[in-house]
Amino acid sequence: MGTSISSSEVCVIGGGVIGLAAAASLHDLGVDVVCFDRSEPGHGQSAGRTRQFRHLHRAPELIDLAVRARQGWLEWERRFGRTLIGSEGALRVGGQPGELEALRAAGVPAVPLDAEQAQARFAIAALPGGVVLWDPLAGALRASDSVAALSGWIGSAIRRAEV
């Protein structure tokens, strides 16, 4: 990575998972893209091994977007030959009315769990009464693996510079 001035169609600011994913997607579309970060890729908000990927969001259109995003991550897994997104699942404790239906409408195979089923999945949870949702397709986004794979894919499009 150099610090030279660059001219590109698109400049992405930030070399974390999101910035690198945006730059890689643009790169795949044939866009002349450069990704700027003041440090090494993945050393800001994306530092560390994992982040959570989940489908449940307040707006149905965001749930649909998460479903599409997961498919994109799975395509990158095939391309890079490594696991980037887990399928450990996620519990949603204290769900709101309509959340289960919204997930199912988007094709997410979420199910309600009773307290015993929830504790079987997450033994240390002190779960209150009420709704507990299980999203079996949620899981850990392998942040450090994703940064390495995406950085390698876009290579010289990464520039180390304060912007």
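The residues of the chain are indexed from 1 along the displayed sequence.
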Report yes if some heavy atom in the side chain of [X] is under 4.5 Å from a heavy atom in the side chain of [Y]; otherwise report no.
| X | Y | value |
| --- | --- | --- |
| Leu150 | Trp76 | yes |
| Arg104 | Val111 | yes |
| Glu9 | Val33 | no |
| Leu74 | Ile85 | yes |
| Arg160 | Arg38 | no |
| Leu20 | Ser146 | no |
| Arg121 | Leu113 | yes |
| Asp28 | Trp153 | yes |

Is Glu75 salt-bridged to Arg68, going by a charged N under 4.0 Å from an acidic O?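 So Glu75 does not pair with Arg68 through a salt bridge.
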Using a strict threshold of under 4.0 Å (side-chain N to carboxylate O), is an ion pair present between Glu77 and Arg82?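 Judged by the 4.0 Å cut-off on N to carboxylate O distance, Arg82 and Glu77 do not form a salt bridge.
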Flag yes if Leu62 and Val108 sit in one hydrophobic cluster, no otherwise; membership is Ile, Leu, Val, Met, Phe, Trp, Tyr, and two members link when side-chain heavy atoms are under 4.5 Å apart.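 No, no single cluster joins them.
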Any chain of hydrophobic side-chain contacts (each under 4.5 Å) joining Leu84 to Val17?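 Hydrophobic grouping puts Leu84 with Val17.
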Heavy-atom pair with the smallest gap, counting every atom of [X] and [Y]:
| X | Y | value |
| --- | --- | --- |
| Val34 | Ser8 | CG2-OG, 2.7 Å |
| Pro41 | Ser151 | CB-OG, 3.4 Å |
| Ala118 | Val132 | CB-CG1, 3.8 Å |
| Ala106 | Asp64 | CB-OD1, 3.3 Å |
| Pro112 | Leu100 | CD-CD2, 3.7 Å |
| Cys35 | Ile154 | CB-CD1, 4.3 Å |

Does Ile18 CD1 have over 12 foreign heavy atoms under 6.0 Å away?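 12 or below, so no.
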Interatomic distance, [X] atom [atom1] to [Y] atom [atom2] [nearest 0.5 angstrom]:
| X | Y | atom1 | atom2 | value |
| --- | --- | --- | --- | --- |
| Leu65 | His57 | CG | NE2 | 8.0 Å |
| Asp135 | Phe53 | CG | CZ | 8.0 Å |
| His43 | Asp37 | NE2 | CG | 9.5 Å |

Exactly one of Val67, Leu137, Ile63 should register a side chain to side chain contact (heavy atoms under 4.5 Å, CB included) with Leu103. Which one does?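 Only match with Leu103 under side chain to side chain contact (heavy atoms under 4.5 Å, CB included): Ile63.
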Hey, mind stepping through Glu99 and Leu56 against side chain to side chain contact (heavy atoms under 4.5 Å, CB included) and telling me if it holds? CA-CA 7 Å; Glu99 288 179 339; Leu56 185 59; 3.6 Å; yes
Stepwise side chain to side chain contact (heavy atoms under 4.5 Å, CB included) test for Trp134 and Leu91: CA-CA 5 Å; Trp134 173 247; Leu91 288 176; 3.5 Å; yes
If only atom types and distance count, is the side chain of Arg142 paired as donor or acceptor with the main-chain N or O of Ala140 below 3.5 Å?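 Present.
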Kindly indicate, with the supporting measurements, whether the criterion side chain to side chain contact (heavy atoms under 4.5 Å, CB included) is fulfilled by Ser39 and Glu162. CA-CA 8 Å; Ser39 188; Glu162 184 78 31; over 6 Å; no
